[in-house]
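Reading through the structure tokens given below for one structure.
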Amino acid sequence: MSLADHIFIDLCNDILENGTSTEGQKVRPHWPDGTPAYTIKRFGICNRYDLRKEFPALTLRRTALKSAMDEILWIWQRKSCNIHDLKPHIWDEWADADGSIGKAYGYQMGVKHIYREGMFDQTDRVLYDLKNNPYSRRIMTNLYVHQDLHEMNLYPCAYSMTFNVTREKVCPAPDSPAAMAAMCDAGGEAGEMEERLVLNAVLNQRSNDVLTANNWNVAQYAILLMMLAQVSSMVPGELVHMIADAHIYDRHIPLVRELISREPLKAPRVWLDPEVTDFYDFTTDSLHCENYETHEQIRNIPVAI
């Protein structure tokens with residue numbers, strides 16, 4: 001059964017059973033009717049997802065994987081901060097009349113910086129280092145730029161990625177979707193082990209709305225890790241998700257309780273078009289998903305703003 005489901009259920013139970021409440025305190029978020037949006041929260045969550053074993057998509061309810069990928073491409077590939085360049089409408093509440101969310105996310109990824117090797121923006125610096133300095137311990141990105149916070153319509157939640165490459169014995173990569181299916185059905189074994197470079201990453205997140213965004217963030221950064229690994233001739237390894245403030249909003253509690261009462265199903269098979277070798281050539285059509293069976297979607301989830 002999907003490991004991502006079990007991690008999510010454990011996280012929600014931990015928050016509900018051991019979390020602290022912000023009720024009655026001064027909080028920034030509010031509901032559309034103006035009521036303060038209080039939470040139950042846990043500090044310092046660390047979840048690990050091994051992409052060599054399965055793709056971390058919830059089956060308790062469906063995660064829109066192509067929409068999640070579109071947002072990560074919006075930030076990392078298109079380097080945009082305008083919602084008109086984004087298909088999902090998740091940023092509409094924070095956009096101005098021109099569609100801009102300010103100097104956030106994609107804007108910061110596109111700013112060029114001077115390095116010893118030349119001028120790079122953050123995306124291209126990561127791609128350069130993965131190719132030329134894979135064992136560097138300095139392959140990092142940061143979106144939380146203090147001098148620009150006053151020009152961001154929402155401060156970055158998922159704000160930092162740290163990449164780390166290891167050399168490990170792994171199963172040979174399947175050369176087709178059919179071979180991948182056979183490998184999955186065999187429990188992940190596709191032949192004799194071979195040594196490959198494995199790309200791992202830590203996603204740092206200051207704040208995470210568990211019901212609306214937890215698996216969305218996990219899935220999209222797992223896809224990012226897969227894309228970067230593929231164009232760097234590596235194998236995607238572990239995604240470690242660090243959350244400073246993992247919370248469930250007061251109006252989400254009954255929805256979460258119903259969600260985590262569901263029985264986890266089998267994780268889907270997810271892969272990328274193996275013909276893509278340039279990060280800037282990826283599109284949402286490059287993402288393929290098979291056997292993604294889920295429980296019924298939860299509709300009309302209220303979103304705190």
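Glu238 places no side-chain N or O within donor-acceptor distance of the main-chain N or O of Arg48, the cut-off being under 3.5 Å. Here the side chain of Lys66 pairs a donor or acceptor atom with the backbone of Leu287 at under 3.5 angstrom. Judged by distance alone, the side chain of His84 and the main-chain N or O of Asn82 form no donor-acceptor pair under 3.5 Å. Remark: the backbone N or O of Trp94 is paired with a side-chain donor or acceptor of Asn153 at under 3.5 angstrom. Side-chain N or O atoms of Asn200 include one that pairs as donor or acceptor with a backbone N or O of Asn164 at under 3.5 Å. In this structure, the side chain of Arg262 engages the main chain of Glu296 through a donor-acceptor pair within 3.5 Å. The closest donor-acceptor contact from the side chain of Thr22 to the backbone of Thr39 lies under 3.5 Å. Counting only distance, with no hydrogens or angles, the side chain of Gln77 and the backbone of Phe282 share a donor-acceptor pair below 3.5 Å. A donor-acceptor pair under 3.5 Å is absent between the side-chain atoms of Glu117 and the main chain of Arg125, judged by distance alone.
Other residues, nucleotides and ligands place no more than 12 heavy atoms under 6.0 Å from the CG atom of Asn300. For NZ of Lys79, the number of neighbouring non-hydrogen atoms (other residues, nucleotides, ligands) closer than 6.0 Å is greater than 12. Heavy atoms of other residues, nucleotides or ligands lying less than 6.0 angstrom from CZ of Phe43 number 12 at most. Crowding of Lys131 atom NZ: a count of heavy atoms from other residues, nucleotides or ligands under 6.0 Å not exceeding 12.
You'll find the side chain of Met140 stays beyond 4.5 Å of the side chain of Arg138, heavy atoms only. Counting only heavy atoms from C-beta outward, the side chains of Glu17 and Asp14 never approach each other to under 4.5 Å. Here the side chains of Arg167 and Tyr135 are in contact, with some heavy-atom distance below 4.5 Å. Contact check for Lys53 versus Leu3: no side-chain heavy atoms found under the 4.5 Å cut-off. Two residues are said to be in side-chain contact when any heavy atoms from C-beta on lie closer than 4.5 Å; Pro56 and Leu51 meet this criterion. Between His247 and Ser207, the closest side-chain pair of non-hydrogen atoms falls below 4.5 Å.
If you chain together hydrophobic residues whose side chains sit under 4.5 Å apart, Tyr221 and Leu272 fall into the same group. Follow the hydrophobic side-chain contacts under 4.5 Å out from Tyr115 and you never reach Val145; the two are in separate clusters. With hydrophobic clusters built from ILVMFWY side chains whose heavy atoms lie under 4.5 angstrom apart, Val235 does not share a cluster with Val240. When the side chains of ILVMFWY residues are joined at heavy-atom separations under 4.5 Å, either directly or via intervening members, Val276 and Tyr280 end up in a single hydrophobic cluster. Cluster annotation: Val126 is connected to Leu197 through the hydrophobic network of ILVMFWY side chains, with a link wherever side-chain heavy atoms come within less than 4.5 Å.
For Ser2 against Thr59, the heavy-atom pair with the smallest separation is CB-CG2, 4.0 Å. The shortest heavy-atom contact between Asp121 and Met109 is CB-O, 3.1 Å. Taking all atoms of both residues into account, the shortest heavy-atom contact from Arg52 to Glu168 is NH1-OE1, 2.7 Å. Across all non-hydrogen atoms, the minimal contact from Cys81 to Tyr107 is SG-CB, 4.0 Å. Nearest heavy-atom pair across Pro134 and Met234 is CB-CE, 3.9 Å. Residue Phe279 comes nearest to Val231 through the heavy atom pair N-CG1, 3.5 Å, listed as atom of the first residue, atom of the second, then distance.
A distance of 11.5 Å separates CZ in Arg61 from CG in Asp5, rounded to the nearest 0.5 Å. A distance of 10.0 Å separates OG1 of Thr20 from CD of Gln25, quoted to the nearest 0.5 Å. The structure places CG of Asn214 at 6.0 Å from NE2 of His241, a figure rounded to the nearest 0.5 Å. Interatomic distance, CZ of Phe163 versus CG of Asp129, reported as 11.0 Å (0.5 Å rounding). Once rounded to the nearest 0.5 Å, the distance linking CG of Leu203 with CG of Asn47 reads 11.0 Å. If you take OG on Ser233 and CG on Leu199, they are separated by 11.5 Å, rounding to the nearest 0.5 Å.
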Does the pair Glu23 and Asp250 meet the rule for a side chain to side chain contact (heavy atoms under 4.5 Å, CB included), with working shown?
CA-CA 9 Å; Glu23 185 174 359; Asp250 48 10; over 6 Å; no
Please report the C-alpha distance between Trp74 and Ser80 in whole Å, then the side-chain angles of each, then the deciding distance to 0.1 Å, and finally whether the side chain to side chain donor-acceptor pair (under 3.5 Å) criterion is met.
CA-CA 6 Å; Trp74 181 61; Ser80 174; 3.2 Å; yes
Derivation and outcome, side chain to side chain donor-acceptor pair (under 3.5 Å), residues Asn215 and Thr63
CA-CA 7 Å; Asn215 194 244; Thr63 297; 2.7 Å; yes
Begin with the C-alpha distance, continue with both residues' side-chain angles, and end with the deciding distance and a verdict on side chain to side chain contact (heavy atoms under 4.5 Å, CB included) for Met69 and Met227.
CA-CA 10 Å; Met69 181 181 184; Met227 290 191 290; 3.7 Å; yes
Please evaluate residues Trp91 and Leu154 with respect to the criterion side chain to side chain contact (heavy atoms under 4.5 Å, CB included), reporting the C-alpha separation (whole Å), side-chain torsions for both, the decisive distance (0.1 Å), and the verdict.
CA-CA 10 Å; Trp91 280 99; Leu154 181 68; 3.9 Å; yes
Let's go through Phe55 and Arg269 carefully: what are the C-alpha distance in whole Å and the side-chain angles of both, what is the deciding distance for side chain to side chain contact (heavy atoms under 4.5 Å, CB included) to 0.1 Å, and is it a yes or a no?
CA-CA 7 Å; Phe55 186 85; Arg269 298 169 182 149; over 6 Å; no
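Clustering of Ile, Leu, Val, Met, Phe, Trp and Tyr by side-chain heavy atoms under 4.5 Å joins Ile301 with Phe8, Ile9, Leu11, Ile15, Leu16, Ile40, Ile45, Leu58, Leu60, Val210, Leu211, Ile243, Ile248, Ile253, Leu255, Val256, Leu259, Ile260, Ile298.
The aromatic ring centroids of Trp31 and His252 lie less than 6.0 Å from each other.
The pair Lys266-Glu293 does not meet the salt-bridge criterion, since no charged nitrogen lies less than 4.0 angstrom from a carboxylate oxygen. Looking at Arg78 and Asp70, a side-chain N of the basic residue comes within less than 4.0 Å of a carboxylate O on the acidic one, giving a salt bridge.
Taking the six-membered ring where the residue is Trp, Tyr128 and Phe120 present tilted rings, their angle falling between 30° and 60°.
Stacking of Arg206 on the aromatic ring of Tyr159 is not recorded, the 6.0 Å distance cut-off and the 45° axial limit not both being met.
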For residues 95-105, which side-chain N or O atoms pair as donor and acceptor with protein atoms under 3.5 Å away, sequence neighbours left out?
from   : atom 1 : to     : atom 2 : distance (Å)
Asp96  : OD1    : Asp98  : N      : 2.9
Asp96  : OD1    : Gly99  : N      : 3.0
Asp96  : OD1    : Ser100 : N      : 2.9
Ser100 : OG     : Gly102 : N      : 2.9
Lys103 : NZ     : Glu151 : OE2    : 3.4
Tyr105 : OH     : Cys157 : N      : 2.7

